[in-house]
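Beneath this line is the structure, given in structure tokens, with notes to follow.
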2 protein chains.
Amino acid sequence: MDIRQLQYLVALDELRHFGEAANRCHVTQPALSMRLRQLEDELGLTLVRRGHRFVGFTEEGERILAWARAVLAAHDGLHAEASVCRGQLVGTLRVGMVPLAGFEPIPLLQAFAAEHADVRFELKSLSSEQILAGLDTNRLDVGFAYADGRHERKYQLFEVAETTMGLLFNRHRWRFGRPALDWMDLESLPLGILSKGMHFRQSVDHALQSAGVALKPLVETDSVEFLVQSVSAGLCCAVMPLGSGLEQRDEALELLPIADSHTLAPLCLATRRGDPVSALAEAFQQFVRERVSPDQG
Amino acid sequence: MDIRQLQYLVALDELRHFGEAANRCHVTQPALSMRLRQLEDELGLTLVRRGHRFVGFTEEGERILAWARAVLAAHDGLHAEASVCRGQLVGTLRVGMVPLAGFEPIPLLQAFAAEHADVRFELKSLSSEQILAGLDTNRLDVGFAYADGRHERKYQLFEVAETTMGLLFNRHRWRFGRPALDWMDLESLPLGILSKGMHFRQSVDHALQSAGVALKPLVETDSVEFLVQSVSAGLCCAVMPLGSGLEQRDEALELLPIADSHTLAPLCLATRRGDPVSALAEAFQQFVRERVSPDQG
DNA sequence: CCGGCATGGATATCCGGCAGTTACAGTACC
DNA sequence: GGTACTGTAACTGCCGGATATCCATGCCGG
């Protein structure tokens with residue numbers, strides 16, 4: 001069995017196409033096909049459901065796939081470790097982050113990239129559950145996700161911020177004259193909100209529910225862009241996280257904190273536990289620890 | 001980079017000899033030497049300190065070695081998983097166990113082997129610390145060790161027995177007429193004990209200390225064999241774990257429990273946490289769970 | 001102090017196998 | 001029938017391994 005074969009397998013899983021997978025692996029399609037069939041022979045299993053085109057993996061294929069990812073993760077870790085030993089950090093750091101978390105990781109990535117010229121990023125916008133699952137299955141190296149002590153057994157966590165809600169509104173249409181609002185204030189306002197199923201919507205629902213406020217949205221959209229534009233136009237207000245910088249998109253926008261709104265689990269930088277530890281993830285975590293102290297993220 | 005190269009590296013670490021390592025890998029010594037040098041070139045590092053003979057690994061070599069073990073562990077896991085998919089369990093289960101734990105894992109291994117003809121065992125007698133470290137570094141798959149909630153974050157634990165101490169003595173020389181003894185009873189008796197540094201000695205010391213009993217050993221030996229023979233001859237008594245079957249070695253031997261002696265951490269079956277989970281270790285753990293209920297191990 | 005021998009690893013050369021390529025065939029779907 | 005996608009076939013070049021040899025050190029007796 002060979003590392004290459006496992007790479008082929010994973011590539012096929014991700015692209016679901018023999019030719020494309022072969023491309024990504026920089027080989028021709030017959031080579032990939034043959035090597036995969038060879039792998040199946042060696043293992044004595046059928047991994048791929050074959051039709052006139054790629055159909056999917058068998059049950060066994062999926063299980064082998066999980067191990068293949070584990071092997072490749074360790075393989076990548078070895079190379080990253082070697083890079084560190086050579087005094088350089090290279091490789092691709094796969095970062096997952098929850099959108100609208102009231103915490104902007106991009107500057108962190110920028111600063112990290114500035115110190116380590118050869119590091120590349122693969123940034124994915126995911127829900128907390130997807131991030132933690134991605135860490136499990138070796139699809140991510142680090143993630144910014146909502147997590148708490150419950151998860152500490154499986155993941156290394158470092159709290160980077162508490163999410164505090166605020167109200168985003170058009171300063172020309174509304175004026176409150178107070179530094180902070182109350183959930184009750186929202187009841188009389190036309191609210192815009194993200195569609196059900198989006199992660200931040202769940203956060204807002206949760207916050208509203210614990211505050212005992214009923215929701216009567218005027219606008220419901222699956223696009224943050226549309227929502228901000230609606231607020232900007234003065235059509236409605238919207239609950240948004242503080243610290244997201246949304247209010248700077250338009251001079252008409254203002255973002256006031258809402259009292260008692262940090263009822264969510266804190267936002268944490270999560271990494272896999274395990275020995276040995278990924279050098280890249282380790283370095284990034286260390287970097288974040290030095291840069292971020294909780295409560296000021 | 002190739003799996004084989006990593007196998008060579010690990011073999012060299014374990015045997016500390018190029019020729020021997022090559023033997024274990026079923027290749028000739030030049031092949032191993034060249035492939036290792038090639039690996040060093042690829043990584044751009046010096047892994048092995050070379051002299052006229054094998055000296056040791058460099059600092060970087062040690063770190064790479066840890067990753068190599070991780071890769072190989074995942075690699076083995078993949079093959080084990082494949083075996084399971086084929087409906088058979090094959091491979092080598094590396095088991096660590098603390099000696100004199102008052103729990104006999106051998107029958108378990110026998111029963112497991114009876115159900116899975118193609119499973120081999122690699123059994124090592126180690127201290128609890130060594131076992132947990134061995135799980136970390138992929139040198140062991142499962143282990144019977146003293147552990148408690150403190151370790152639950154890193155290891156999957158299943159309590160198989162509480163270690164209860166007993167007094168092993170010659171029934172012809174001593175007679176107590178009670179079903180259980182007290183720590184105080186030991187103060188007037190000539191005691192035999194294992195040398196300092198052996199794991200069970202620490203357990204005994206710990207138990208005696210918490211019972212407030214001072215220790216005046218008559219016999220001190222680093223051999224369990226000698227100790228049992230001393231007791232058998234009537235020279236001394238010895239604190240031993242219940243359930244070890246020691247009393248059956250000689251009809252003159254008797255083993256009486258000591259009240260309040262289960263002050264140790266419980267003996268647990270420990271396995272690595274991680275995704276994916278080793279099929280062999282998983283099956284064994286499941287097997288043990290079905291066979292063993294705590295308090296009757 | 002020195003020559004011979006054993007040990008252990010590096011080097012040189014040859015060879016066979018296999019991964020990958022190119023070209024082509026088969027098959028479902030439009 | 002054309003297109004898109006995968007499997008098959010023959011060829012080729014690379015590379016990993018074996019065998020033979022060399023080199024350095026350490027140990028020994030004389």
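Throughout, a chain's letter reflects where its sequence line sits, starting with A, and its residues are numbered from 1.
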Please report the interatomic distance CG(B:L43) to CD(A:E81), rounded to the nearest 0.5 Å. 10.5 Å
Could you tell me the separation between the NE2 atom of A:H52 and the C1' atom of C:dT27, rounded to a whole number of Å? 8 Å
Taking A:L194's backbone N and O only, do any of them form a donor-acceptor pair with A:R201's side chain (distance below 3.5 Å, no angle check)? yes
Short side-chain N/O contact from A:T28 to OP1 or OP2 of C:dT21, under 4.0 Å: yes
Can you tell me which nucleotide in D:dG7, C:dT11, D:dG17 comes closest to the side chain of B:R35? D:dG17
Can you see if the side chain of B:R50 gets near the phosphate of C:dG8 - specifically, an N or O under 4.0 Å from OP1 or OP2? no
Among D:dT6, D:dG17, C:dG9, the one nearest B:V27 by side-chain distance: D:dG17
Just the rounded figure in Å: distance from C1' of D:dT6 to CZ of A:F54. 12 Å
If you draw a 6.0 Å radius around CZ in A:R86, do more than 12 non-hydrogen atoms from other residues or ligands fall strictly inside? yes
Evaluate the ring planes of B:F287 and B:F284, with Trp represented by its six-membered ring, and classify them as parallel (under 30°), tilted (30 to 60°) or perpendicular (over 60°). parallel
Just the rounded figure in Å: distance from P of D:dG16 to CG of B:L39. 11 Å
Once rounded to the nearest 0.5 Å, what's the spacing between atom CD of A:E59 and atom CG of A:L45? 11.5 Å
Mind checking A:A31 for me? I need base, sugar-phosphate or nothing, with any heavy atom below 4.0 Å counting as a touch. base
Options D:dG7, D:dA20, C:dT21, nucleotide nearest the side-chain atoms of B:P30: D:dA20
Looking only at the side chain of A:M34 (C-beta and beyond, no hydrogens), which of the listed nucleotides D:dG16, C:dT11, C:dG20 gets closest? C:dG20
I'd like to know if the side chain of B:R289 pairs up with that of B:Q286 as donor and acceptor (distance under 3.5 Å, no hydrogens or angles considered). no
Flag the pair B:E14 and B:R139 as a salt bridge only when some basic side-chain nitrogen lies within less than 4.0 angstrom of an acidic carboxylate oxygen. no
Rounded to whole Å, please give me the gap between CG in B:D2 and P in C:dC18. 14 Å
Does a nitrogen or oxygen in the side chain of B:R4 sit under 4.0 Å from OP1 or OP2 of D:dG17? yes
How many Å lie between CG on A:D41 and P on D:dG7, as a whole number? 13 Å
Strand-adjacent residues in residues 5-22 of chain B, judged by heavy atoms under 4.0 Å from DNA chain C: B:H17, B:F18, B:G19
Starting at atom CZ of B:R37, determine the distance to atom P of D:dG17, rounded to an integer number of angstrom. 16 Å
Closest to side chain of A:S33, choosing from D:dG7, D:dA18, C:dT11: D:dG7
Assess whether ring pair (Phe, Tyr, Trp, His ring centres under 6.0 Å) is satisfied between A:F57 and A:F54, documenting all intermediate values. CA-CA 9 Å; A:F57 288 93; A:F54 178 79; 5.6 Å; yes
Just to confirm, is there a sub-4.0 Å distance from OP1 or OP2 of C:dA19 to any side-chain nitrogen or oxygen of A:Q38? yes
Nucleotide D:dG16, atom P - distance to CG of B:L32 in whole Å: 13 Å
May I have the distance from A:Q29 (atom CD) to D:dC5 (atom C1'), rounded to whole angstrom? 8 Å
